[in-house]
Amino acid sequence: MDADYLQYEYRRKGYDHSLFSFSDSFSRPPLLLPDGAKVAVVILPVLQHFPVSGQAGEYPNLWDISRYDYGVRVGIFRILETLGKFDFPATVAFNASLAKLEPLVNQMRDAACEIIGHGSNMNVLFTNDLGYEEESRVVGESLQILESTFGSKVTGWLSPQSSESNHTPRILASHGIKYQFDWSNDDRPYCFDLADENLIAMPGSYELSDKWAMEQLNYTSPRWADQVLQYVNVLCTEASEHGARVMTLQLHPWIAGQPHRIRSLEKIFEHLQAREDVLVAKAETIIESLEPQLRKDGSGGNSDVTPP
């Protein structure tokens, strides 16, 4: 074994990074939501492009690619129609390469969706191998495409496959991103510690994702819906004592947008609508309300060691 094998310059008490420090959500100052709501819910459809080109092997995996394509051709329209029945707003993570699909873009406009960045396409993930300059270029280019397509500033982000390099939070902040959904380690937003940059981690709530529940855990859609309902109920109970909570419902239209699953999504929406202490809102609306409180509660990082 080499002598330097056990040497790690970032080993110390606490985390081995300086993005944020440890802080439990039960001891921070309570957060307050508009109208006395206990839990804010972000409904986050994820629109993704899986290019046929670049597929490994002798021929493309059309089984999966065509399933994914169902999401942007059919599933998202069914989900938006269902959202409309309940007058719920949506925050949509949008691969920039989909911006050329005019009917899809028009549907986003008609539904008044908030658009957040989701990278270029699902073949470009953020890893340390990508390199700082290339990752920054991909982020900047994808944001420019979305902003020119939809005509408004993009301030939110979900990385493709929630992939992050050591540099991603700093890169996002440098491009004007105010909040992102890559981290699922809390039930309330918190601030990153990025020196002169501002970035808020919104709860990714990945345990609630349709992809995690029905693709990874093989849940049926009714079981997934029941899990989401229980999650909401527990957060509302905790919020009564510890302050407001925030949760995200990530929806992949090629999963939740299927005909045999849409009724389960309606069941979730019915429950959210029936609870007077739940606020369903766009991410930008929640951030506008909570950001001043988050800056005061000291939930960000305060480390003095910066990993590469």
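In what follows, every heavy atom counts, from backbone to side chain, and hydrogens, waters and symmetry copies are set aside. The model shown is predicted, which means the values in this text are computed figures rather than measured ones.
Under a hydrophobic clustering in which Ile, Leu, Val, Met, Phe, Trp and Tyr are joined whenever their side-chain heavy atoms come within less than 4.5 Å, directly or via other members, Ile177 and Leu130 fall into the same cluster. Put simply, Val41 and Phe86 are part of the same group of oily side chains (I, L, V, M, F, W, Y) that touch within less than 4.5 Å, one to the next. Hydrophobic clustering, with ILVMFWY side chains joined whenever heavy atoms are under 4.5 angstrom apart, keeps Leu279 apart from Leu83. Tyr132 and Leu125 fall into different hydrophobic clusters, defined by Ile, Leu, Val, Met, Phe, Trp and Tyr side-chain heavy atoms under 4.5 Å apart, directly or through other members. Tracing side-chain contacts under 4.5 Å through hydrophobic residues (I, L, V, M, F, W, Y), one reaches Leu80 starting from Leu101; they form part of the same cluster.
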Evaluate side-chain hydrogen bond (donor to acceptor under 3.5 Å, both in side chains) for Asp226 paired with Tyr219, printing each intermediate quantity in order. CA-CA 10 Å; Asp226 184 63; Tyr219 281 9; over 6 Å; no
What do the steps show when you test Arg137 against Glu134 for salt bridge (Lys or Arg N to Asp or Glu O under 4.0 Å), and what is the final call? CA-CA 5 Å; Arg137 185 195 66 78; Glu134 177 63 12; 2.7 Å; yes
Could you walk me through whether Thr168 and Glu135 pass the side-chain hydrogen bond (donor to acceptor under 3.5 Å, both in side chains) check? CA-CA 8 Å; Thr168 302; Glu135 182 177 342; 2.5 Å; yes
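Counting heavy-atom neighbours within 6.0 Å of Asp110 CG, excluding the residue itself, gives a total above 12. More than 12 heavy atoms of other residues, nucleotides or ligands lie within 6.0 Å of CD in Gln216, so this atom counts as buried by the packing criterion. Applying the 6.0 Å contact sphere to NZ of Lys178 captures no more than 12 heavy atoms from other residues, nucleotides or ligands. Within a 6.0 Å sphere centred on CZ of Arg78, heavy atoms belonging to other residues, nucleotides or ligands number more than 12. Around CD of Glu215, the count of heavy atoms belonging to other residues, nucleotides or ligands within 6.0 Å exceeds 12. The environment of CG in Asp35 is sparse: at most 12 heavy-atom neighbours from other residues, nucleotides or ligands sit within 6.0 Å. More than 12 heavy atoms of other residues, nucleotides or ligands sit less than 6.0 Å from atom CD of Glu266.
A side-chain donor-acceptor contact under 3.5 Å links Thr237 to the backbone of Asn233. Put simply, the side chain of Asp182 gets close to the backbone of Ser159: a donor and an acceptor are under 3.5 Å apart. In this structure a side-chain-to-backbone donor-acceptor pair under 3.5 Å is missing from Ser209 to Ser205. Checking side-chain atoms of Thr248 against main-chain N and O of Pro203 turns up a donor-acceptor pair under 3.5 Å. In terms of modelled atom types and a separation under 3.5 Å, the side chain of Gln180 and the main chain of Trp157 share no donor-acceptor contact. Remark: the backbone N or O of Phe77 is not paired with any side-chain donor or acceptor of Gln107 at under 3.5 angstrom. At least one donor-acceptor pair under 3.5 Å links the side chain of Ser163 to the backbone N or O of Phe126. With hydrogens and angles ignored, the 3.5 Å screen pairs no side-chain donor or acceptor of His252 with any backbone N or O of Asp210.
Checked against the 6.0 Å centroid threshold, Tyr68 and Trp254 count as a close aromatic pair.
Closest of all the heavy-atom pairs between Gly243 and Pro30 is CA-CB, 3.7 Å. Listed here is the closest heavy atom pair of Val246 and Pro189: CG2-CD, 3.6 Å. Contact detail for Leu146 and Gly117: the closest heavy-atom pair is CD1-CA, 3.8 Å. Across every non-hydrogen atom of Ile171 and Ser136, the tightest pair is CG2-CA, 3.7 Å. Here the closest heavy-atom approach between residue Phe150 and residue Val105 is recorded as CE2-CG1, 3.7 Å.
Shown are Arg275, Arg263, Lys85; of these, the salt bridge (charged side-chain N to carboxylate O under 4.0 Å, His left out) with Glu270 is made only by Arg263. Considering Asn95, Asn121, Val124 as possible partners of Pro51, the one that fulfils the side chain to side chain contact (heavy atoms under 4.5 Å, CB included) test is Asn121. Applying the side chain to side chain contact (heavy atoms under 4.5 Å, CB included) test between Leu251 and each of Val46, Leu208, Leu265, Leu44 identifies Leu265 as the sole match.
Ionic pairing of Asp64 and Arg67 is present here: one or more N-O contacts between side-chain nitrogen and carboxylate oxygen are shorter than 4.0 angstrom.
No cation-pi contact links Arg188 to Phe26, judged by a cut-off of 6.0 Å to the six-membered ring centre and 45° from its axis.
Ring geometry for Tyr190 against Phe192 counts as tilted: the plane angle lies between 30° and 60°, on a 0 to 90° scale.
A donor-acceptor pair shorter than 3.5 Å cannot be found between the side chains of Ser184 and Glu207.
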